[in-house]
Each structure stands twice: as structure tokens, then as C-alpha cells.
Protein chains: 2
Amino acid sequence: MSSNWLKKHPLRSRSMVKQLKPDSLRQGEELQQAQAPASPMLPYRRPKFLHGVQSVKEPGKRPIYCPARDRLLPWKTGYAEVINVEKSEFNEDQATCCKISMRRRETSLEENQEWLSLCSNQYLTGYYWAIFDGHGGPEAAIIASNYLHYCIKQKLEEVVEGIIKAHPPMHLKGCCICNSDPLFVEEKQICQEDVIIGALENAFQECDEMIGQEMKATNQAAGCTALAVLYLQGKLFVANAGDSRAVLVQKHSIMALSSEFTPETERQRIQHLAFLNPKLLADEFTRFEFPRRLKRGDVGHKVLYRDYFMAGWGYKTVEKDDLKYPLIHGHGKQTRLLGTLAVSRGLGDHQLKVTDTNVKVKPFLSCIPKVNVLDFALNDVKEDDVLVLATDGLWEILSNEEVAQIVRSFLEDNKMDLYRFSELAKCLVQKARGMRNGHQWTLENNNPASYDDISVFVIPLNNRDRES
Amino acid sequence: MSSNWLKKHPLRSRSMVKQLKPDSLRQGEELQQAQAPASPMLPYRRPKFLHGVQSVKEPGKRPIYCPARDRLLPWKTGYAEVINVEKSEFNEDQATCCKISMRRRETSLEENQEWLSLCSNQYLTGYYWAIFDGHGGPEAAIIASNYLHYCIKQKLEEVVEGIIKAHPPMHLKGCCICNSDPLFVEEKQICQEDVIIGALENAFQECDEMIGQEMKATNQAAGCTALAVLYLQGKLFVANAGDSRAVLVQKHSIMALSSEFTPETERQRIQHLAFLNPKLLADEFTRFEFPRRLKRGDVGHKVLYRDYFMAGWGYKTVEKDDLKYPLIHGHGKQTRLLGTLAVSRGLGDHQLKVTDTNVKVKPFLSCIPKVNVLDFALNDVKEDDVLVLATDGLWEILSNEEVAQIVRSFLEDNKMDLYRFSELAKCLVQKARGMRNGHQWTLENNNPASYDDISVFVIPLNNRDRES
């Protein structure tokens with residue numbers, strides 16, 4: 001039923017198609033037309049560490065790309081990617097991996113000189129990995145992959161006095177207005193890591209604004225999800241806005257370090273906003289959720305529904321207004337926000353409107369990541385423990401458990417190769433991409449494979465202090 | 001520091017005192033004045049199953065009341081309560097325990113007769129326990145204890161066709177507009193229990209409206225928290241709005257079946273509302289959170305703060321507007337919403353305004369419970385496994401683990417007494433109330449005991465199908 005979902009809905013039209021996943025699409029002219037070319041200011045490219053790999057579409061081929069063997073990424077991180085089948089001309093995923101050095105800023109002469117002299121560290125070093133899954137064109141993902149780490153670096157530098165001690169000072173520059181300030185900060189249990197989390201939240205917001213300005217200037221509607229990992233001062237900060245996923249695979253355990261933000265997982269937040277600000281729906285949509293799109297014959301009957309405040313389901317008597325297109329509609333992977341987007345958090349989409357309406361999607365999106373922290377002091381990380389980051393193309397095919405099984409058996413069999421984490425990433429991508437089978441891509445068991453872009457980082461956590 | 005919190009804040013005045021917890025209060029005239037008498041339409045009383053116990057204040061005494069030995073509650077449920085010390089004239093907690101019988105409603109002749117004849121059950125039986133912790137007077141808690149179960153019964157009867165099968169029908173009256181309706185319902189994974197959860201959510205909302213009408217008619221500002229437990233069709237539904245708590249104590253495990261809703265746990269929801277609708281703060285409050293109330297000397301400096309979108313902390317340059325009283329202020333048990341309320345969900349408070357302002361508290365409150373489900377088919381419940389429900393007076397003194405330890409050792413030592421669950425409830429209340437020690441109430445270790453009202457149900461889960 002779900003594969004016919006697209007055909008049923010009169011609101012949907014050509015230019016909305018570009019937001020959709022491949023299983024709802026037909027190939028052909030519409031796609032070519034809907035696909036905006038990359039802005040001249042933002043030439044399309046693959047991740048910098050692939051050093052010039054082009055990854056442009058070749059009919060019927062989906063080669064898997066990895067970094068060159070002689071150019072290892074920090075921590076010997078592994079990476080692999082593959083392009084989608086029918087979704088877009090370009091691979092809309094992007095990725096970044098780099099070291100971040102934060103400088104303590106010069107402070108002005110008015111500030112407390114004595115306190116300044118107590119700070120010995122002039123630099124803090126962090127490591128950074130991020131994947132971005134673009135939609136509506138590759139532009140937002142390209143900007144985010146170029147700039148999010150700069151935003152993070154800048155936001156961390158702005159609060160660096162707050163992250164060099166276990167408890168941050170009430171006043172950034174260490175001045176003392178109230179003698180009990182350290183006590184107030186302690187009572188609230190504010191620690192170093194809270195200031196890093198705050199900096200990450202603010203950095204995502206700033207990067208989103210930057211993308212908004214660029215998209216406005218070039219009149220484009222692209223957006224992207226963002227999953228960023230920062231290693232700083234013995235902790236891993238996993239910041240996620242979208243439907244990519246980070247999973248920690250250890251010998252005897254698996255731990256998801258992110259959760260997905262989709263119209264389904266954020267239904268109540270989105271419906272609540274529509275309740276508080278009904279103008280956002282411009283009389284084109286209903287905020288209620290129903291198990292299916294209602295028909296005229298339903299009017300007057302009591303049908304299952306959910307409003308913003310309900311985790312459960314109730315019955316409501318259908319009115320004419322309930323026949324409008326639902327704010328959130330579909331189920332599982334097919335769920336869409338305003339019939340348009342499959343994710344509810346991410347960067348960009350400032351210009352995105354629902355086709356043939358004046359309804360903006362952006363007010364319902366959040367650019368703020370949920371940040372989870374892995375403290376290496378509390379987690380005994382062993383050889384072969386890895387963090388797997390991947391876009392939804394991987395996770396729609398492989399479960400956390402299947403990924404963990406592949407990781408463990410691959411690393412068990414490949415102990416010596418310095419490049420083995422990229423080989424492992426390649427192996428994971430290959431499992432989800434499957435093999436070409438006529439016009440289709442199928443898995444070993446003949447089920448459909450992923451038609452989406454797939455990008456995978458494999459980060460060997462035990463290598464963290466061995467090299468720069 | 002926190003005990004002096006009250007004195008520091010100029011916004012706080014006499015009539016706000018009645019919302020506060022005893023440790024922030026001084027005894028005397030103010031209290032008597034602030035305490036509104038119970039409305040003549042709502043005579044003050046203790047729970048019906050106490051059969052006329054009055055529980056009026058006697059100087060220096062805090063007797064613990066239980067149901068009479070010869071009148072056992074359903075499932076031989078135990079109960080005990082004690083009045084507060086300095087908080088209010090009356091015990092503002094209330095409790096209800098009863099059986100609920102739901103009748104299948106007569107349906108009109110137009111509806112599908114064939115389907116009706118398939119329904120054999122004419123009645124559904126449930127069991128119900130609830131505790132309410134009042135503030136600003138006992139009225140809201142009294143109304144809630146009288147009516148919430150009627151609202152629940154009514155809301156369940158309205159959707160009874162949706163809860164007698166594993167999967168509820170798309171159309172309440174079973175008519176068929178679309179052949180795939182059962183498939184749509186299944187795809188969304190909507191089951192019986194979702195409809196019961198929806199009915200509970202709607203019942204809380206209806207009861208809240210009822211209290212609002214009564215409070216408006218009598219010009220009172222009382223409110224209460226609500227923790228309600230419903231046993232229906234082999235499952236326990238635990239619906240909580242406020243800071244009471246339900247804990248399942250088994251031989252080898254402890255499971256919290258509710259979570260607390262306070263200005264601290266709901267900070268982001270509350271700040272977000274103030275961001276979306278700043279008029280609600282009437283220029284009297286700032287939505288930002290700071291570790292302490294800011295002073296003039298802070299202006300121009302960068303201090304720790306949090307906004308609605310931040311789980312972490314950042315630094316912001318203090319402006320004059322930031323010196324306003326914070327929307328949420330204090331820490332731990334002392335945290336207050338608009339300087340007024342210690343809870344963020346519950347029933348009532350429709351008329352409540354912040355003293356000397358026009359700022360209403362109600363828009364920031366939610367009357368919707370979070371419902372957790374315990375399915376007896378999936379949980380092996382044994383003899384002596386109990387569910388403990390208690391108001392915050394108990395939990396501010398005893399941890400879940402301490403309660404579990406008392407429960408286990410008491411029941412081990414008292415195997416035979418039919419009335420033992422009330423004796424256990426009494427034992428729990430006694431542990432938290434402590435003993436009188438001059439003008440103070442202290443625990444065995446000489447720490448301060450609870451000065452609050454305390455109400456405790458102990459529900460023996462293994463008795464559920466043994467009696468009516």
C-alpha cells in the first residue's frame with residue numbers, strides 16, 4: 001500500500017518529488033526538471049579527504065569510494081560512500097573529518113589579569129567527524145560540510161574559559177559579583193560538558209543561519225541533516241539533527257549514541273506548534289493525525305485520531321475541515337511533514353514551501369541537535385571498539401545488531417591492515433547497497449537493497465590518543 | 001542558601017506564600033490569611049474510604065490514618081495518610097479507590113446491527129486508585145478526587161468499541177468506508193491500549209475543565225497534582241500529572257512507573273512557550289535561566305544561561321531586561337514556575353495569577369498526564385509484589401530503593417494479616433513523617449523529616465483477580 005501512497009494525494013506535484021525517497025519515485029523527466037543545479041558559488045564536490053573523487057552518476061553503476069590508502073584519516077578512521085540510484089543527479093550526502101584546534105582568545109586589558117595568568121593551556125585540541133544527508137539539492141550539505149566545524153570551533157573559543165575547568169565560572173571572564181557564585185553553579189550541577197553541549201547547540205544554529213543567508217541569496221530551497229561527533233577533553237560529544245545514526249559497537253554490547261528526528265518521532269512538538277500558531281497551516285492542512293487520509297464518506301463518523309497532547313488515540317467526529325491534507329502523514333519511512341520532508345531536524349530549508357501553497361516548512365523544523373556524551377573515563381574502550389556513523393541509507397537496510405555483527409566479524413578477520421577501518425566501512429556500504437540485478441539493486445536474500453546515498457564513518461575509539 | 005531563597009526575592013509577597021513548601025515558610029498570621037476556606041459547595045473532607053475520619057490539625061500532633069480494619073479496599077489495597085506541619089490548615093492531599101464498571105452504550109438504529117450482535121461483553125470492569133496533592137487550598141483536590149474517575153469512566157464508555165478488540169476499528173461504530181481500514185490501523189500499530197491511553201488523556205482534560213468552571217464560579221485559585229492508576233483488561237495504566245510517584249516493587253527489582261513534572265523537568269517546554277508567546281510574561285519575567293538571580297553589577301558581563309532550545313549552558317552578555325524575575329527559578333525542590341508553583345502539570349489553577357501582576361500561571365501548566373503501561377501478560381507478578389503510589393511528601397525523604405527495602409522486609413515479616421498492606425502504608429508514612437522532637441519533626445538519624453502532607457497507597461498486584 002505504501003508504495004502507492006504517492007499516487008493517491010492530489011496535493012503532491014512535480015516539484016515536491018525531489019524531496020522524496022526513491023521508492024516513491026518514477027524515473028524520468030520530472031526528476032531531471034526538479035533537480036536544481038548546484039549554485040555556481042558552491043561547486044558540487046565529494047568530501048575533501050577523498051581528494052578529487054568525482055562520484056558522478058554512471059548508468060547502472062554504483063562504485064564505492066574510500067579515502068586513498070596512503071592518506072589515513074585521524075585515528076585511522078574508516079570511510080566509504082556510494083551514490084543513490086534514482087533520487088538525484090548528485091550524491092547528496094557529504095562528510096567531513098578533521099582536527100580542531102581552539103585558541104584561547106586574547107582578553108581586553110580591563111579584565112582580571114590575575115585570573116588570566118592562571119590559565120596555562122593556550123590551545124585545546126579536538127577531533128571532528130560529521131555526515132550530512134542533503135535533500136532538495138546538494139547545496140546545504142556542501143555548506144554545512146564546509147562550515148559547521150568552523151562554527152563549532154568559534155563557539156567553543158568564545159566560551160573557552162568555561163571548558164577548561166570541571167565547573168565553569170558564573171562569569172566568563174572570572175570577575176566576581178557575588179561570592180557564592182561557585183556554589184550557585186555547583187548547585188545547578190553545571191559542568192564543563194554542559195558548556196560544550198551549549199556551544200554545539202549554538203554552532204548548529206549559527207551554521208543554519210549561514211545556510212539560510214546563502215540559500216536566500218541564490219534562491220534555493222536545499223536542506224540537510226547533520227550528525228556531528230566531537231572528541232574533546234576525554235569525551236565524545238555526539239550531536240544529531242536528522243535521521244542519521246551513531247552506534248557504539250563493543251565486543252559484548254551495542255549502544256545507540258543518537259536518536260532520529262523525523263515527523264513521526266517529533267509529531268507532538270510539530271502538532272503543538274500548529275495548535276499554538278494555526279496561521280502556519282494557511283488553511284491548507286489539518287494538524288490532526290488520522291490512520292489514513294480521510295474521504296468525504298468519513299464526514300459525520302467517529303474515526304481514530306490524535307491531537308498534539310495525545311500519546312494515545314481517540315475518536316473524533318469527522319468535519320469537513322478534517323479532509324484537508326494532514327500536517328504529518330504516512331507511516332514509517334513514508335511519513336512526511338507537510339507532504340514534503342521526511343526529517344524534522346536539520347540545517348537549511350529556509351526557502352522551502354509546499355508546492356502550490358504559501359506554506360513554509362521551516363517553522364516546523366528544528367536546527368538544534370540532541371547531544372549525547374560518551375565519557376571515556378566511565379567507559380572502558382578496548383581494541384576494536386568502534387563508533388559507526390552512517391546516513392539513513394545504511395540503517396534502512398541494516399539493524400544496529402546486523403551492523404555490530406559485521407563489524408565484529410570483519411575486525412576479527414582483519415587484524416593487521418592499517419586501512420582496515422575503511423575496508424570495514426566499504427563492507428558495510430556494500431551490504432546495504434547490494435548487487436545490481438537487472439534494473440534493480442538487491443540484497444543477498446533478494447530483498448530490495450538501499451537506493452539511497454550511503455555514507456559511513458567507522459571510528460576506532462581506541463586509537464584516540466595514539467596520534468594526531 | 002536555599003532556605004534563605006524566599007527572603008531574597010522582592011517579587012514574592014504574602015499571598016504567594018500559600019503556594020510554597022513548608023521549608024520556605026514562617027508560621028503565623030500570613031498563613032492563616034493566605035489560606036482560603038473551602039468553598040461551601042465543597043465541604044472539606046478526607047477520602048471517602050476513611051469513613052468520616054476528620055484529620056483536622058491538632059497542635060503538635062500528626063496522627064497517621066488508615067482505612068478501618070473491617071472494611072478492606074479492593075485487592076486488599078493498603079492506605080495511610082498524615083497531615084502537614086506548617087503548610088496549611090487542612091490536609092491538601094486527597095485519595096480515591098474504587099471499582100469502575102463501564103457499560104457499552106446503546107447505539108442508534110442507523111448503525112450496523114450485525115456488528116453490534118458480535119459484541120458479547122455488556123460490561124467492562126476496571127479498578128482505580130488515585131492521589132491528588134492540592135495547593136492554594138483543598139478545593140481542586142477534592143473535586144478531582146470526586147470526579148476524575150467519572151470522567152475516566154465516561155471517556156472509556158465513549159470509545160468502548162475501540163477497547164474490546166486487540167486492534168480498534170478505524171470507525172468507532174464499525175462502518176466501513178474503505179476496505180483497507182484494518183490495514184491502515186495495523187500499519188500505525190494502533191492497539192487497544194492506545195485507545196485507553198487516549199481516553200485517560202481526554203479524561204484528565206475534561207476534569208481540568210470541570211475544576212476550572214467551579215473555581216471560576218467561586219473565584220478560587222486552587223490546583224492539584226493527579227496520579228491515577230487504572231487496571232483494565234490485564235494491564236495497569238499509570239497516568240501522572242505532577243510530582244507524585246508510582247513505583248513497582250518486586251522481589252529483585254524496582255521500576256518507576258511514573259516520572260515527575262516540575263518546572264525543572266519541563267523547563268524547555270515552558271521556556272519555549274514563553275518564546276513563542278512573550279506576552280504571557282507581560283514584561284515582568286525573563287524566560288532565560290541563570291544559575292542565580294542577576295544583580296545590577298552583572299549587566300555587561302557574560303554569565304551562564306540557558307534558553308529554551310538548550311540542554312547545555314552558554315554565556316550571554318547581561319542586559320537590563322535580564323534582571324527581571326526568571327520564568328523558572330531556584331534549584332531542586334525549591335524550583336518555582338513564575339515564583340509561584342513547584343509543579344508544572346496538574347489540574348486547576350485556572351484563576352491563579354502571580355501576586356501583584358496580571359501574569360497567569362495556567363498557560364504554562366499542562367493538565368495532560370504521561371501514561372505508562374504495565375502489561376501483566378509480560379510481567380510475572382508474584383506474591384508480595386506491590387505498586388506504591390505516594391505524594392511528594394514521601395519521596396522527598398525516601399528514595400525508591402529505601403521504600404523497596406521497607407516494603408520487602410515488612411512483607412517478609414508480616415505474612416498473614418489481611419490488613420497488612422495498610423500497616424505497610426502506615427509504616428512508610430511514619431518513616432517519612434519521623435518523630436516530634438521539640439518544635440521539629442526529625443528522622444531516626446536526626447535529619448529533618450517531611451513537613452508536608454503524605455499519602456500512600458500500597459497495591460498488592462497479585463490480588464488482582466482474586467476478588468471484586
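First the proteins, then the strands, lettered A, B, ... as listed; each starts at 1. Source: prediction; values computed, not measured.
- Heavy-atom distances place the side chain of A:Glu289, and not its backbone, under 4.5 Å from chain B.
- When heavy atoms are compared at a cutoff of 4.5 Å, A:Gln205 approaches chain B solely by way of its side chain, counted from C-beta outward.
- With rounding to the nearest 0.5 angstrom, the CD1 atom of B:Ile197 is 10.0 Å from the CZ atom of A:Arg306.
- Chain B forms the most heavy-atom pairs under 4.5 Å with one residue out of A:Val371, A:Val185, A:Asn202, and that residue is A:Asn202.
- With contacts defined as side-chain heavy-atom distances shorter than 4.5 Å, the pair B:Ser180/A:Arg292 does not qualify.
- For the pair B:Lys188 (side chain) and A:Gly330 (backbone), a donor-acceptor distance under 3.5 Å is present.
- Taking each heavy atom of B:Pro169 and A:Tyr315 in turn, the nearest pair found is O-OH, 2.6 Å.
- Residue B:Gln268 holds its CD atom at 11.5 Å from CZ of A:Arg269, rounded to the nearest 0.5 Å.
- Contact annotation for A:Ile163: neither backbone nor side-chain heavy atoms come within less than 4.5 Å of a heavy atom of chain B.
- In this structure, A:Pro291 and B:Ile190 have side chains that are in contact, with non-hydrogen atoms separated by less than 4.5 Å.
- In this structure, A:Asp194 CG and B:Met310 CE are separated by 10.0 Å, a value rounded to the nearest 0.5 Å.
- B:Cys367 places none of its side-chain heavy atoms less than 4.5 Å from the side chain of A:Phe309.
- Across every non-hydrogen atom of A:Gly297 and B:Ile177, the tightest pair is O-CD1, 3.3 Å.
- Of all the listed residues (A:Gly162, A:Gly332, A:Gly314, A:Gly198), the one sharing the greatest number of non-hydrogen pairs under 4.5 Å with chain B is A:Gly198.
- In this structure, the separation between CG on B:Leu294 and SG on A:Cys178 is 10.5 Å, given to the nearest 0.5 Å.
- How far CG of A:Asp298 is from CG of B:Asp181: 7.0 Å, rounded to the nearest 0.5 Å.
- Counted within 6.0 Å of NZ on B:Lys235, heavy atoms from surrounding residues, nucleotides or ligands total more than 12; the atom is thus considered enclosed.
- Remark: side-chain polar atoms of B:Glu201 are paired, donor with acceptor, to backbone N or O of A:Gly312 under 3.5 angstrom.
- A 4.5 Å side-chain heavy-atom check between B:Trp313 and A:Cys191 finds every atom pair outside the cut-off.
- The part of A:Leu273 that comes within reach of chain B is its side chain, from C-beta onward, which places non-hydrogen atoms under 4.5 angstrom from that chain.
- Within 6.0 Å of atom NZ in B:Lys360, 12 or fewer heavy atoms from other residues, nucleotides or ligands are found, so the atom counts as exposed in its surroundings.
- With contacts defined as side-chain heavy-atom distances shorter than 4.5 Å, the pair A:Leu304/B:Val195 qualifies.
- For the atom pair NE2 of A:His301 and NE2 of B:His171, the computed distance is 6.0 Å after rounding to the nearest 0.5 Å.
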